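Structure record follows, encoded as structure tokens.
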2 protein chains.
Amino acid sequence: MSEVEAAPRACTIAASLAVIGEKWSILVIRELSLGVHRFDAIQRNTGAPRDILSSRLRRLESEGVVEKQLYQLHPPRYEYRLTEAGDELRPILLSLAEWGARWTDETTHATWLHECGAELDLKHTCAACGGEVTGLDLRRRHRSESAA
Amino acid sequence: MSEVEAAPRACTIAASLAVIGEKWSILVIRELSLGVHRFDAIQRNTGAPRDILSSRLRRLESEGVVEKQLYQLHPPRYEYRLTEAGDELRPILLSLAEWGARWTDETTHATWLHECGAELDLKHTCAACGGEVTGLDLRRRHRSESAA
DNA sequence: CTACAGGGTTGGAAAAATCAACCCTCTGTG
DNA sequence: CACAGAGGGTTGATTTTTCCAACCCTGTAG
């Protein structure tokens with residue numbers, strides 16, 4: 001009778017998706033990354049419905065990824081900026097951009113360039129050993145134990 | 001007069017999301033990356049409803065990210081594997097995993113380790129200049145012109 | 001004969017996303 | 001003053017997705 005009931009795998013990929021995995025969220029973050037900070041412009045550039053955009057911005061704000069800043073009183077006007085946590089989503093955007101360029105047949109889109117002028121071509125290396133990261137090696141380790 | 005009608009930004013991030021951006025898709029790809037290839041196990045490990053999983057696998061297959069392989073006749077049984085395109089989604093998974101570990105308060109999850117034994121800590125560098133990639137620099141360049 | 005593995009499909013209920021229209025505060029124009 | 005536009009949303013009705021539980025089918029094990 002020990003019904004183990006098989007919970008889904010708890011992992012940080014799922015945890016990330018719980019924050020930014022809803023429809024439109026990543027495109028909103030893309031716009032903020034590109035320096036577009038206002039509701040109307042974000043709405044136009046992403047194509048998200050206004051009500052959904054409103055809801056996503058609130059969600060991202062409550063998750064600490066986005067900050068709302070008053071830039072004018074009378075009438076109050078806000079703009080949205082990435083927090084540090086939001087800024088660190090950049091590698092995700094870059095990886096998505098690169099994959100899409102390589103594996104989708106978008107031909108009319110803009111190209112992503114690195115500041116050096118070269119077309120986006122990322123290398124992902126392990127900060128510890130310097131080796132290229134190829135495998136996905138999951139190991140269970142409960143981090144709460146290091147908190148004494 | 002000239003109604004520009006402001007189409008949303010065409011970009012490869014959006015193109016990628018059109019392929020893998022639906023709910024559960026990335027978790028399915030995570031499982032395949034981890035070597036879990038069968039319907040039931042993917043269903044248990046992700047927590048996705050069976051009908052949705054079925055629909056996602058078909059979608060990913062038709063997008064060329066996943067391949068369905070018969071591993072037994074009588075009764076016919078299939079397993080799912082990543083194609084080369086699917087395999088190259090790995091950097092996206094890794095970036096998501098890393099961000100989640102740093103910015104979400106998941107404490108009971110497993111940790112991702114590189115094969116060298118160190119905890120996941122990625123460096124993203126430009127293959128051309130070797131410099132760390134920090135900016136997101138979008139430039140319009142129509143690629144169809146180089147196809148003569 | 002019954003149970004279980006494996007891989008799904010089906011129908012109905014619940015939740016999300018979409019769309020169009022509206023609201024509110026100002027500022028600028030005639 | 002009246003009206004339009006910028007900017008940032010909200011509201012209500014409709015359509016799509018998701019979710020859930022139950023079912024189906026083939027074959028093996030007890």
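These figures come from a predicted structure and were not determined experimentally. Per chain, numbering begins at 1; letters A, B, ... match sequence-line order.
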Open item on the list: Side chains of A:Trp103 and B:Glu88: any donor to acceptor distance under 3.5 Å?
Closed with: yes
Open item on the list: Quick one about A:Trp112 and B:Thr12 (side-chain donor to acceptor, distance below 3.5 Å, no hydrogens or angles considered), yes or no?
Closed with: yes
Task: Side-chain ion pair, A:Glu63 and A:Arg59, N-O less than 4.0 Å - done: yes
- [ ] Determine, for A:Arg81 against A:Glu79, whether the closest basic-nitrogen to carboxylate-oxygen distance falls under 4.0 angstrom.
- [x]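 Between A:Glu79 and A:Arg81 there is a salt bridge, with a charged N closer than 4.0 Å to a carboxylate O.
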Open item on the list: For A:Thr83 versus A:Gly64, what's the shortest heavy-atom pair and its separation?
Closed with: OG1-O, 2.6 Å
Open item on the list: With hydrogens left out and only the distance checked, is there a donor-acceptor pair under 3.5 Å joining B:Arg50's side chain and the base of C:dG7?
Closed with: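 Indeed, a donor on one side and an acceptor on the other fall under 3.5 Å apart.
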Open item on the list: Taking atom types as they are modelled, would you say the side chain of A:Arg77 forms a donor-acceptor pair with the base of D:dG8 within the 3.5 Å cutoff?
Closed with: no
Task: Backbone N/O of B:Ala85 and side chain of A:Trp99: donor-acceptor pair under 3.5 Å - done: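 Yes, because the side chain of A:Trp99 sits within donor-acceptor range (under 3.5 Å) of the backbone of B:Ala85.
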Are [X] and [N] close enough that a side-chain N or O sits under 4.0 Å from OP1 or OP2?
X       : N      : value
B:Trp24 : D:dC19 : yes
A:Lys23 : D:dT17 : no
A:Ser54 : D:dT10 : yes
B:Arg58 : C:dT9  : yes

Roughly, in whole Å, what's the span from [atom1] in [X] to [atom2] in [N]?
X       : N     : atom1 : atom2 : result
B:Leu57 : C:dG7 : CG    : C1'   : 11 Å
A:Arg44 : D:dG5 : CZ    : C1'   : 13 Å
B:Phe39 : C:dC4 : CZ    : C1'   : 17 Å
A:His37 : D:dG7 : NE2   : P     : 15 Å
A:Gln43 : D:dG8 : CD    : P     : 12 Å
A:Arg38 : D:dA6 : CZ    : C1'   : 11 Å
A:Arg56 : D:dG9 : CZ    : P     : 15 Å
B:Leu73 : C:dG6 : CG    : C1'   : 15 Å

Where the side chain of [X] is concerned, which of [options] is the nearest nucleotide?
X       : options                : answer
A:Pro49 : D:dG9, D:dC19, C:dT18  : C:dT18
A:His74 : C:dT9, C:dC26, D:dT10  : C:dC26
A:Asp40 : C:dC26, D:dG7, C:dG6   : D:dG7
B:Ile52 : D:dG27, D:dG7, D:dC19  : D:dC19
A:Tyr71 : C:dG8, D:dG8, D:dG9    : D:dG8
A:Asp51 : D:dT11, C:dC26, C:dA17 : D:dT11

Open item on the list: By nearest heavy atom, map B:Tyr80 and A:Gly47 onto DNA chain C; which one lands nearer the 5' end?
Closed with: B:Tyr80
